[in-house]
Amino acid sequence: MRILVVEDDINLNRQLSDALKEAGYVVDQAFDGEEGHYLGDNEPYDAVILDIGLPVVDGITVVEKWRASGKGMPVLMLTARDRWSDKVAGIDAGADDYVAKPFHVEEVLARVRALIRRAAGHSSSEIVCGPVRLDTKASKASVDGMPLKLTSHEFRLLSYLMHHMGQVVSRTELVEHMYDQDFDRDSNTIEVFVGRLRKKLGVDLIETVRGLGYRMQAPADMR
Ligand code: CA
């Protein structure tokens, strides 16, 4: 899962980005509204954390422009504590949720998790696919109750596939959601990661769809 953090306060941006990375996400950072708008317009994010008070272009205008051009990714706005009008304006502009400053990073993480889950159609913090369980809260996975030891890449891959269970996901899509913008991307490495993940899962749940990509079987597909 890949997140964009748009926040001009350098320390706060770093604090959020570090916490997100620690929780297993890939993170791109922007420090003004123009840069943030450009990245959100051109890269596929699973969620965006967007400050309202930004240099060059403010956060409300940024989310308005994204929505006007059909960008539907979940957006969590950061607002000033006492500015209720900002919250209303943010939601009206197309934001999905907000957190008022000052906040606890844990709250932001919980809201981001919930936004990503809901966008993928899951209401519970645990996503289950047959014997495989993904605990989005603890960033952990297990098979038949046995914890899986996954590298950060393997976890991101499993998490993306499980959030999109039953759907065919292309290699390009996986690359775009597993690496940040500065990473030297090579879609061939995805095959290697899928191979390793299959081995660790021990159950055959990741199907290769010839010429299209991969599909994590939804429980209804299992016999
Ligand atoms: Ca600000």
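Here the structure is a predicted model, which means the values were calculated and not measured. One is the number of the first residue; the rest follow in order along the sequence. We count ligands from 1, going down the list as the structure has it; atoms in each ligand are counted the same way.
Using a cut-off of 3.0 Å, one finds that D51 contributes an N/O/S atom close to the Ca ion (ligand 1). The Ca ion (ligand 1) lies at 3.0 Å or more from every N, O or S atom belonging to I52. At least one N/O/S atom of D8, whether from backbone or side chain, sits less than 3.0 Å from the Ca ion (ligand 1).
H177 and Y45 have their aromatic ring centers separated by at least 6.0 angstrom.
Salt-bridge annotation for E154 and R198: absent, with no side-chain N of the basic residue lying under 4.0 Å from a carboxylate O of the acidic one. Ionic pairing of D135 and K140 is not present here: no N-O contact between side-chain nitrogen and carboxylate oxygen is shorter than 4.0 angstrom.
Side-chain contact of R156 with T151: a donor-acceptor pair under 3.5 Å is absent, judged by distance alone.
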